[in-house]
Amino acid sequence: HRPEEAGVPGSSPGPSTNMLQKIFLRGQAYERHFSAFAMVAGFIADNIFFGRIDLWQTQVAFISYATICFISIPLLCWFETRSSRVRTSDGAEQSFMAWRLILPIVTQFALGGFWSGFVIFYGRSANLGASWPFLLFLLLVFLGSEYFYRYHSRLVFTSVLFFFALYSYAIFAVPIYTGNIGTLTFLMSGVIAALVFALFTMLLRVSARERFFIDVWRIRAGAFCVLVVINVFYFTNVLPPLPLSAEAVGIYHSVGRIPGAYLATDEVGQSFAVRYLGFAPTLHVIAGETASAYSSVFAPTILKTTIVHRWQWYDPIQKEWILKATIVYPIAGGRDGGYRGYSTVLVNKEGEWRVNIETEDGRLIARVPFTIDIQTTSPILSTITLK
């Protein structure tokens, strides 16, 4: 007789194993719903924890997401390898089934938290005119991570996504901890992300050796592509200048500082679109008058850097922007509303103007477009307090 017919103990699945198998199959059937719920949960968690980019709660959340991915991806590979190799007892089989159901959801939660956090912070820092390619790429990763939910249990897919998350986090975490921002800091971010990912691949090798050697070159090729894309974004000034972000910007007839506040003179009767929707204003000035650009730029507490105001006028004959003035001033981080500063320039030509508010290495933080209309009489002005 076969062991099943002879009733040999342990030779056939018990009631608990059958029940767990049903749960596992039901879980696989609803895996997409669990995955979507995990991503939404990660987004909600981010909005709860993420206020300022340099708060300890924010850093703990990101480090937790990285730790979860660092452990859960190799652990899932280990369980899958063990379950395919070893004939296990009922208890071990139940454990393997449970972990194979839970770990992809946990990984999706962590990666979903990463993507939503990046959308929040990179979106705050970005100027759409310059950074839209990176934001579009980030949004596609965010949506694609949900669309390709079935691939979250596949080693190459999740490993490459994890490296992208590590690199994107390191870009703004390193300046927060070093107090510096620039090309050297960016390169340091790449080195740190690569070192952490190297430790991750070592753990993969230990946990699932055969599977690792099958996929290792695809993992490395995917990570290298991510490295190249992010570096292209950075050196073409497409990558948003995190951890800096513009809290308030504007163009006025004049800006001045008094103890505890900045005051500006603005034209009475500015339209709703100009005041509240960010449309380009028109300044009516007398020949020989000046205009002032105001910016409040948020920076983490210990970070000190330089802000540049580049004043440009559009030449309708040459059809290009002509640099009229470059004004530089240092800032220090820590203030919730941002470090405030302004520049004043003689506006002696009518037409379209703009002020690019940039980092010292030319990355765009904000852009203030406006139009100059030279008249013979001054407009009615009012004094306002700036944020």
Side-chain angles (χ1 to χ4, degrees), residues 51-53 123-130 241 244-300 305-314 321 324-359 364-387:
R52 280 174 43 158
I53 198 169
R124 289 178 188 173
S125 179
N127 178 275
L128 289 178
L244 304 178
S245 62
E247 298 296 316
V249 296
I251 191 78
Y252 305 97
H253 281 261
S254 66
V255 175
R257 182 180 181 183
I258 63 173
Y262 280 76
L263 302 179
T265 55
D266 195 14
E267 294 186 18
V268 174
Q270 291 279 19
S271 68
F272 178 86
V274 169
R275 286 191 179 278
Y276 301 105
L277 300 181
F279 281 56
T282 297
L283 265 61
H284 303 88
V285 302
I286 298 176
E289 286 189 339
T290 61
S292 296
Y294 170 81
S295 64
S296 180
V297 177
F298 171 81
T305 188
T306 299
I307 296 299
V308 181
H309 284 194
R310 299 191 193 276
W311 290 71
Q312 297 175 325
W313 170 72
Y314 185 74
W321 290 96
K324 289 296 184 180
T326 299
I327 299 174
V328 178
Y329 62 90
I331 70 168
R335 183 176 180 269
D336 283 337
Y339 190 98
R340 297 171 290 182
Y342 67 96
S343 61
T344 301
V345 168
L346 176 66
V347 284
N348 55 1
K349 290 183 179 292
E350 286 191 319
E352 296 180 53
W353 287 71
R354 70 185 185 186
V355 179
N356 290 337
I357 301 165
E358 303 174 356
T359 61
L364 188 64
I365 301 173
R367 175 173 287 156
V368 187
F370 61 100
T371 300
I372 290 294
D373 183 10
I374 297 179
Q375 298 183 338
T376 57
T377 58
S378 296
I380 301 174
L381 303 177
S382 64
T383 301
I384 61 175
T385 302
L386 300 174
K387 295 180 179 179

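Keep in mind it's a predicted model, so treat the numbers as computed, not measured. Here, residue 1 is the first one in the sequence, and each next residue gets the next number.
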First locate atom [atom1] of [X], then atom [atom2] of [Y], and finally report the distance between them rounded to the nearest 0.5 Å.
{"X": "Leu364", "Y": "Asn356", "atom1": "CG", "atom2": "CG", "value": "5.5 Å"}
{"X": "Leu283", "Y": "Thr371", "atom1": "CG", "atom2": "OG1", "value": "9.0 Å"}
{"X": "Arg310", "Y": "Arg367", "atom1": "CZ", "atom2": "CZ", "value": "11.5 Å"}

Side chain to side chain contact (heavy atoms under 4.5 Å, CB included) partners of [X], counting only residues at least two apart:
{"X": "Ala264", "value": "Tyr252, Val255, Ile384, Leu386"}
{"X": "Thr385", "value": "Ala261, Leu263"}
{"X": "Ile374", "value": "Val285, Ala287, Glu350, Ile372"}
{"X": "Ser125", "value": "Pro240, Pro241, Leu242, Ser245"}

Closest non-hydrogen atom pair, [X] against [Y]:
{"X": "Val268", "Y": "Leu381", "result": "CG2-C, 3.9 Å"}
{"X": "Trp313", "Y": "Glu352", "result": "CD1-O, 3.4 Å"}
{"X": "Tyr262", "Y": "Arg257", "result": "OH-CD, 3.5 Å"}

If you count the non-hydrogen atoms of other residues, nucleotides and ligands that lie under 6.0 Å from CD1 in Ile380, is the total more than 12?
no
Name the residue from Glu289, His284, Glu267 that meets the side chain to side chain donor-acceptor pair (under 3.5 Å) definition with His253.
Glu267
With no hydrogens and no angle check, do the side chains of Ser292 and Ser254 hold a donor and an acceptor under 3.5 Å apart?
no
Can you classify the ring geometry of Trp311 versus Trp353 as parallel (below 30°), tilted (30 to 60°) or perpendicular (above 60°)?
perpendicular
Side-chain donor-acceptor pairs under 3.5 Å in residues 326-335, sequence neighbours left out?
from	atom 1	to	atom 2	distance (Å)
Tyr329	OH	Ser295	OG	2.8
Tyr329	OH	His309	NE2	3.4
Arg335	NH1	Gly337	O	3.4
Arg335	NH1	Gly338	O	2.8

Residues passing the side chain to side chain donor-acceptor pair (under 3.5 Å) test with Arg340, sequence neighbours excluded, are none
Can you confirm whether Val355 sits close enough to Val345 that some side-chain heavy atom of one is under 4.5 Å from a side-chain heavy atom of the other?
no
